[in-house]
Amino acid sequence: MAQPTERRLTANGLHLTVFEWHRDKRDAAAPIVLAHATGFHARCWDEVIRRLGERYIVAVDQRGHGRSDKVYPVHWRDFGLDLAAVVGALDLRDIIGVGHSMGGHATVQAAAYQPARFRRLILIDPVIASPEMYASGGPIASLPEGVTHPTAKRRNQWTSADEMFERFADRVPFATWNRQVLRDYCDYGLLPNPEGPGLVLACPPAFEAAVYMASAGNGAVYDSVRAVNVPVFVVRAMAPRADRDIMDFRYSPTWPELAKQFRHGRELHLPERTHFLPMEDPGMVAELINEPSAS
């Protein structure tokens, strides 16, 4: 697969890194814009992109992730504003917007903020809970006062991407991932340690924890849901168990009634698949993006 062009854009008041594939094909078909999940980065999409053929594709390192600026405080509204600013800066139109998890939340907002630029949306297990969940503060509200999310304790320092790969290869949830996706997650998910030798996570654990802690703070996402006037395909993974651990991210965070809230929404429920569908089965995700009936 051809290597992407890395670009650093000024958008929404900060520097965001984007990766572009096949820029020479920009006018040949609808551009695809990919938004990743919390704690991940743009290059986690590489194996999906490899299966989409030679077409113009943009994957974004969202704020706090990858090679983009790390900016506090964290509010989920900003991820959508950032993505809207990126597609505006690139002057993209007729976009197929694809978002996984938090990236799905951001994609919905971006399509509402920039309605003339989007053709359709594919939301892969988006983090959009029920309106009641936002009103109650969600599961984060059950954490003791003053206690941050456990992701803040993730191991941050590594000697190499190989060490990271070997540590994760047989662990949940990574053990079920496509091996090359896991390699990309490790290879592009580390940056030189600014304070000494070795490497550190491109999404700092403290930032990832802040994203989770803020996840119930954007009930206004339903204003965006109601505003989107293009076809929306919601792909929902297995339902969460009542006794699940807060650090077990395999279960769907998507409100089962979400697809019905869009003007032109439909749903595919995959009760046997986990939240990490793009990592486990990039071929299926590429097929969903290319689905003729969704065009």
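No experiment lies behind these values; they were computed from the predicted model shown. All residue numbers in this chain count up from 1 along the given sequence.
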Would you call the rings of His149 and Phe249 parallel, tilted or perpendicular if under 30° counts as parallel and over 60° as perpendicular? parallel

Specify whether Phe40 and Tyr185 have parallel, tilted or perpendicular ring planes, treating 30° as the upper limit for parallel and 60° as the lower limit for perpendicular. tilted

Taking every non-hydrogen atom, the tightest pair across [X] and [Y]:
{"X": "Pro253", "Y": "Val127", "result": "CG-CG2, 3.7 Å"}
{"X": "Pro205", "Y": "Thr151", "result": "CB-O, 3.5 Å"}
{"X": "Leu199", "Y": "Ala161", "result": "CD1-N, 4.2 Å"}
{"X": "Gln62", "Y": "Gly103", "result": "NE2-CA, 3.7 Å"}

Measuring only between side-chain heavy atoms, which start at C-beta, is [X] closer than 4.5 Å to [Y]?
{"X": "Tyr56", "Y": "Leu92", "answer": "yes"}
{"X": "Asn229", "Y": "Phe262", "answer": "no"}
{"X": "Val108", "Y": "Val228", "answer": "yes"}
{"X": "Val60", "Y": "Leu83", "answer": "yes"}
{"X": "Leu14", "Y": "Asp82", "answer": "yes"}

Any side-chain donor near an acceptor of the partner, Asn178 and Arg183, under 3.5 Å: no

Distance-only polar pair, side chains of Gln109 and Asn218, donor-acceptor under 3.5 Å: yes

Any donor-acceptor pair under 3.5 Å from [X] side chain to [Y] backbone:
{"X": "Asp94", "Y": "Arg119", "value": "no"}
{"X": "Arg67", "Y": "Tyr188", "value": "yes"}
{"X": "Lys260", "Y": "Arg266", "value": "no"}
{"X": "Glu163", "Y": "Thr159", "value": "yes"}
{"X": "Arg179", "Y": "Ala169", "value": "yes"}
{"X": "Gln261", "Y": "Glu257", "value": "yes"}
{"X": "Arg263", "Y": "Arg226", "value": "yes"}
{"X": "Glu20", "Y": "Thr5", "value": "no"}
{"X": "Asn156", "Y": "Leu201", "value": "yes"}

List for me each residue that meets side-chain hydrogen bond (donor to acceptor under 3.5 Å, both in side chains) alongside Arg26, sequence neighbours excluded, and say none if there are none. none

Can you name the side-chain hydrogen bond (donor to acceptor under 3.5 Å, both in side chains) partners of Asp248, sequence neighbours left out? Arg250

Starting from the C-alpha separation in whole Å, work towards a yes-or-no answer on side chain to side chain contact (heavy atoms under 4.5 Å, CB included) for His105 and Thr107. CA-CA 6 Å; His105 189 115; Thr107 298; over 6 Å; no

Can you list the steps and then say if Leu182 with Phe165 is a side chain to side chain contact (heavy atoms under 4.5 Å, CB included)? CA-CA 7 Å; Leu182 182 57; Phe165 181 90; 3.6 Å; yes

Using the test ring-ring contact (aromatic ring centres under 6.0 Å, His included), find all partners of [X] that sit at least two apart in sequence or belong to another chain.
{"X": "Phe207", "value": "His65, Tyr72"}
{"X": "Phe276", "value": "Trp177"}
{"X": "Tyr251", "value": "none"}

Measuring from [X]:[atom1] to [Y]:[atom2], what's the distance to the nearest 0.5 Å?
{"X": "Glu287", "Y": "Ile289", "atom1": "CD", "atom2": "CD1", "result": "10.5 Å"}
{"X": "Leu270", "Y": "Leu268", "atom1": "CG", "atom2": "CG", "result": "4.0 Å"}
{"X": "His264", "Y": "Leu121", "atom1": "NE2", "atom2": "CG", "result": "11.0 Å"}
{"X": "Tyr113", "Y": "Ser224", "atom1": "OH", "atom2": "OG", "result": "4.5 Å"}
{"X": "Thr17", "Y": "Arg63", "atom1": "OG1", "atom2": "CZ", "result": "13.5 Å"}

Is Asp69 salt-bridged to Arg8, cutoff N-O under 4.0 Å? yes

Is the His36 to Trp45 ring centre distance short of 6.0 Å? no

Do Arg43 and Phe19 form a cation-pi contact, if we require the NZ or CZ to be under 6.0 Å from the six-membered ring centre and within 45 degrees of the ring's axis? yes

Hey, could you give me each pair passing side-chain hydrogen bond (donor to acceptor under 3.5 Å, both in side chains) that has a residue in residues 274-284? Not counting sequence neighbours. Ser101-His275, Asp125-His275, Thr176-Glu280, Arg273-Asp281, Thr274-Glu280

